[in-house]
Structure formats: structure tokens, C-alpha cells
Amino acid sequence: MNNPGQQTLGLKQLINGQWVEGSGPAATSSNPALPEEAVAQYATATSGDLDRALNAATAAAAGWDRLGIIARGNILRRAAEILGRRAEEVAQLMTREQGKVLGDSRGEVGATIETLYYNAGSARRSNAAVYPSANPDEVVRTIRRPLGCVAVITPWNFPLQIPAWKIAPALLWGNTIVWKTASDTPATAVVFAEILEEAGVPAGVLNLLLGPGALGSELVADPRAEAVTFTGSVEVGHLIREKTVLRGAKLQMELGGHNAAIVLPDADLPSAADFITAAATGSTGQKCTATRRVIAVGAVHDQLRDELITRFNALSVGAGTEEGAGIGPVVNDRARRDIDEAVKQAETEGAQVLARAPIPDAEGHFVAPTLLGGTRELTICHEEVFGPVTTLLRADSLEEAIELANDTEFGLTASVFTSDERSIRRCLNDLVAGLIKVNGPSTGSEVHAPFGGLRDSSQPGPREQNSDAAADFFTLTKTAYLRLAPEGA
């Protein structure tokens, strides 16, 4: 790929160690802050390109396995070092292509570097369990083996970090990859693939395809893909489940959230309001972990409302590279229209607009960070709106607040603000969420801790991140009984 700058970049597919033109129609990614500015152009991949990528990944599997986990970990470490040297360049490209403010892009690059280092270090952890045997001349132990070719399908909202969560452990445990990236952020994906290739990933081990959603559908249905790891919408996730589970492929999915923040009367309200505002609007609300509903318990409602109004009205929206901008545009015009229509529908249903931050008078895909007041009957309180919009609800008791928080098909994250240990324990036990924060934002997680949700937020099974959870997904386990041969045999 050409060096990122303000020119339009020419992209290619990575298939069997070669950067090649796709066989399909031309496509373009654009700058969300300047929609007329093309960031990258490329010819899309087709079924024929997918077939070649799957064949390459299948053929490369045995050699990649034989290389050994320590050597594979060293390649990931080199990738972290290369990304570190290119960090500012990659962050600038990400902001130009995805739209998030530069500070968020730099943070994502840093988190990706950490993810690569963490997985590289995991190469030297124990990868087996040893059990006692009734026979004193025998050892019973487990053996981890790679799955083979893994299909990786990633979204545009975290175009570097989410791929790293999936690709780094998949490679570490000896799998080969066919990666279909999001159409809105192909240039960021190409840079990451270039870095992994430069670090020493052999030909055929990592294959990157730039193409439409239909290509991903073909990929997950192909029996050469022994496993599928996907992050995206519930609707697409259900379709992927139908194509994979019945054919016996392993499946890992993170599908979205409608996350609640419960604020109790004893909470530190300024701190809670700070965290909630950041969690609802950071990265322009384009996070599956963003706070979508705020549930104020009892008399705290009015004061919390005023604290949130002050913060929402003070938010600064602008181009991601603009000095002082805290929130950038959404990724494309379709996303902007969906968010605006959801807010209008909420108003029609009786929601009150409590605060709405100003947006630039510009052509970018800008939406106003909005704080609504309403009740659980609002459609927006049940359907995920992927933008900087949250709704303030009222509950008379903690019991009612938990019931409100759980009143959704999702179960990804939740947060609770209180200093009462009894209330904390109640929330930890009764909130239907895979990740719960106490006195912190619903967003964010540690790379060494498992990440995943419940209900429609995740496919049940091993979660993302964390060396143990990742190993459970990206490997199969055998049990070996190792008995000494008789003496003198």
C-alpha cells in the first residue's frame, strides 16, 4: 500500500503471500468528516479470490503448526514493535478512514500493541493440564492442537483492536486465517496485515479479503473454515450461526449490547455523570459496550439529570483531527440517518430531549450527542442505536432498576454507581450482563480478562481476549495417557 497521507490509497488483497488485485467491482472508502474525500480505492474480492485464499490457508496450516508456539509468539512480538514504530501514522489513517477523534485512534493503536505483546508473552505459559494416574508409571496430560483455517470477520468501529483480539491468539495457537474486514475501513486492515507480514507471518498463513458482506457469508459457510470468529450485528450473527453450527464449525460471536448504568442515591454523582457521559458518547457512541440507558434510583433522578445535561451540552463535535474536538462523525451517512431517525421516533413516542450538543455546520456525517428522558416503553430503550444517544429512566428501588436493566434481549455490559456493598453484590448476582463495572464506565476492558456477554450479545462459548479463554476457542484438546514401556522391552 502507498504511504498514508491525504492522497487516495490503492489497496490490494493479500492471498497466499501476494498482494493482488481483487477480481470484482471497484469500491471506495471515504473520510466521514469529508465525505467527498476518498481515502482508499480497491477492486473487491470475489468467490474466486475467496477460494484461492481458503486453499492457501489450508495448505499453509501444517508448516505453521510445525514452527512451534515460541516462534509464533516471537513473530507477534515483532509485529508489536513494528506497529509501535508506525503508531502515529496508523492512528492518523484510522481517524481519516473511520472518523474517531485522533486521541481515540492513538488509544486504539496503543491497545493493539499491548494485545500483540500480551499474546506473544502467552507463548511461554503452560499450555497443558497434568492429572494423576492410578498407574505410577503413567502421566495423564492434555495436548492443545490448532483447529486449522479460521474465518475472521471484523467490524469498522475498532478496525485495528478487534482484529488483533482475534488474529493474534489464532496465529499464536497455530491456526491459519482468512480475514474478511469491514468495507468502511479497508485501509486500516491492509496496514495491519502488512505489519504482520513484515513481522514474519509466512505466505498463506494470513489472507486478507476486501469485499462485500456477501463474501463473508460465503466464507463462513465453507467447510474449509474450521472455525468462525465474528463481531457485528445480531441479525448477521444469527445468519452466521445457521451456516456454521449445523456443519460443526466452532463459533465465537460478539453481537452488540443495550447497556444500562444504575445510579443509586449514595453514588458520587459528579463522578457517575462523568463516566456515563464518556461511556455514552465516546467514539461517537459506536461501541457495543456504550451506555444506552441510565437508570436513576429514587430521589437522585433530578440531580443526576442536571449533571448529565451540563456535560452533554458541553460536548464538542468536529472532525477527528480538529483541535478540541472530543467526538467525531459517525462512520457513514446511513449510520447518521439511522441515528437521527431513532431519536425522532423516540420524540414521537413521547421522549423528552433533555440535552443535545451542537454539531458543525459541515458536510461530514455528524450527529448530535443526545440525552433523552423517557420510559421503558420507548423503542429506543430496546433496540440498539449505534450512536451517541442515551436515555435517562427512573426507578423507585434497586429491585426495579435491575428489572429495567435486564429488560432487553442483550446482556453485554452494565455499570452500577454506589458505595453500598449489599447493593453491589445484588447487582453482580442479578444483572444479566457478561461484564459489570462498579463505579466505572460500561466501556473498556483489560486484555488479560475474558470479554463477552450473555443472551443475544454473544455466542455462548469461549470468550474473546485472555490467553486461557482464547486458547479454549482456537484449539482442540486431546488427553494423552503416557505410560512407560516395560523395563527391558
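These figures come from a predicted structure and were not determined experimentally. As a basis for the values below, the full set of heavy atoms in this structure was taken, side chains included, without hydrogen atoms, waters or symmetry mates.
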>> Please enumerate all residues that pass side-chain hydrogen bond (donor to acceptor under 3.5 Å, both in side chains) together with Asn259, with sequence neighbours excluded.
In response: Thr413
> Quick one: side-chain hydrogen bond (donor to acceptor under 3.5 Å, both in side chains) partners of Thr28, sequence neighbours excluded?
Replying inline: none
>> So, using salt bridge (Lys or Arg N to Asp or Glu O under 4.0 Å) as the criterion, who are the partners of Lys100 when residues are at least two apart?
In response: Glu108
> How about Ile162 and Pro155: do any of their side-chain heavy atoms sit closer than 4.5 Å?
Replying inline: yes
>> Taking side-chain hydrogen bond (donor to acceptor under 3.5 Å, both in side chains) as the definition, give me every residue that meets it alongside Trp179, ordered by chain and number, with sequence neighbours left out.
In response: Thr154
>> Walk me through whether Trp156 and Thr188 qualify under side chain to side chain contact (heavy atoms under 4.5 Å, CB included).
In response: CA-CA 9 Å; Trp156 48 261; Thr188 306; over 6 Å; no
> Does any non-hydrogen side-chain atom of Pro163 lie less than 4.5 Å from one of Val152?
Replying inline: no
> Side-chain contact, heavy-atom cut-off 4.5 Å: Phe417 with Ile262?
Replying inline: no
>> Going by salt bridge (Lys or Arg N to Asp or Glu O under 4.0 Å), name the residues that satisfy it together with Arg334, two or more places apart in sequence or in a different chain.
In response: none
>> Tell me the closest heavy-atom pair linking Gly211 and Ser183, and the distance in Å.
In response: O-OG, 3.1 Å
> Charged N to carboxylate O under 4.0 angstrom, Asp51 versus Arg224?
Replying inline: yes
>> Within the 4.5 Å heavy-atom criterion, are Leu50 and Leu219 side-chain neighbours or not?
In response: yes
>> If the threshold is 4.0 Å, N to carboxylate O, is there a salt bridge linking Arg336 and Asp340?
In response: yes
>> Tell me the closest heavy-atom pair linking Thr408 and Arg455, and the distance in Å.
In response: O-NH1, 2.7 Å
>> Looking at every non-hydrogen atom in both residues, tell me the closest pair between Ala33 and Ala319 and how far apart they are.
In response: CB-CB, 3.8 Å
>> Pair Glu349, Thr379 - check side chain to side chain contact (heavy atoms under 4.5 Å, CB included), show working.
In response: CA-CA 8 Å; Glu349 294 173 355; Thr379 301; 2.7 Å; yes
> Which heavy atom in Ile380 sits nearest to a heavy atom in His258, and how many Å separate them?
Replying inline: O-NE2, 2.8 Å
>> Can you tell me how far apart CD1 (Ile69) and OG (Ser122) are? Round to the nearest 0.5 Å.
In response: 8.0 Å
> Does the side chain to side chain contact (heavy atoms under 4.5 Å, CB included) test come out yes or no for Val294 and Thr391, once each step is laid out?
Replying inline: CA-CA 6 Å; Val294 183; Thr391 305; over 6 Å; no
> After noting the C-alpha distance and the side-chain angles of Arg425 and Asp430, does the key distance pass the salt bridge (Lys or Arg N to Asp or Glu O under 4.0 Å) rule?
Replying inline: CA-CA 9 Å; Arg425 293 187 185 185; Asp430 294 348; over 6 Å; no
> For Arg376 and Glu403, what are the C-alpha separation, side-chain angles and deciding distance, and is it a salt bridge (Lys or Arg N to Asp or Glu O under 4.0 Å)?
Replying inline: CA-CA 11 Å; Arg376 72 163 79 192; Glu403 194 270 329; 2.4 Å; yes
> Between Asp49 and Arg52, does at least one N-O distance fall below 4.0 Å, as a salt bridge requires?
Replying inline: yes
> With the threshold set at 4.0 Å, does a side-chain nitrogen-carboxylate oxygen contact exist between Glu254 and Lys166?
Replying inline: no
> Got a sec: does the CD of Glu363 have more than 12 other heavy atoms crowding it under 6.0 Å?
Replying inline: no
> Within 45° of the axis and under 6.0 Å from the centre of the six-membered ring of Phe473, does NZ or CZ of Lys250 qualify?
Replying inline: yes
> How many angstroms lie between atom OG1 of Thr443 and atom NZ of Lys437, to the nearest 0.5 angstrom?
Replying inline: 5.5 Å
> In chain order, what residues pass the salt bridge (Lys or Arg N to Asp or Glu O under 4.0 Å) check against Glu384, with sequence neighbours excluded?
Replying inline: Arg292
>> Quick one about Ser397 and Glu399 (side-chain donor to acceptor, distance below 3.5 Å, no hydrogens or angles considered), yes or no?
In response: no
> Any side-chain donor-acceptor pair under 3.5 Å between Glu37 and Ser30?
Replying inline: no
>> Are Leu371 and Thr390 packed together at the side-chain level, in the sense that at least one heavy-atom pair is separated by less than 4.5 angstrom?
In response: yes
> Between Val234 and Asp456, what is the shortest heavy-atom contact and its length?
Replying inline: CG2-O, 3.7 Å
> If you measure from CZ on Phe230 to CD on Gln252, what distance do you get to the nearest 0.5 Å?
Replying inline: 12.0 Å
> Going through the distances and angles, do Glu347 and Val353 end up as a side chain to side chain contact (heavy atoms under 4.5 Å, CB included)?
Replying inline: CA-CA 7 Å; Glu347 291 183 77; Val353 176; 3.6 Å; yes
>> Please give me the minimum heavy-atom distance between Arg144 and Thr475, naming the atom from each residue.
In response: NH1-OG1, 2.9 Å
> Are Trp165 and Phe158 close enough that their ring centers fall under 6.0 Å?
Replying inline: no
> Is Asp407 salt-bridged to Arg293, going by a charged N under 4.0 Å from an acidic O?
Replying inline: no
> So, Glu97 versus Thr185: side-chain donor-acceptor pair below 3.5 Å or not?
Replying inline: no
>> Checking Thr291 against Ser442: is there a side-chain donor and acceptor pair closer than 3.5 Å?
In response: yes
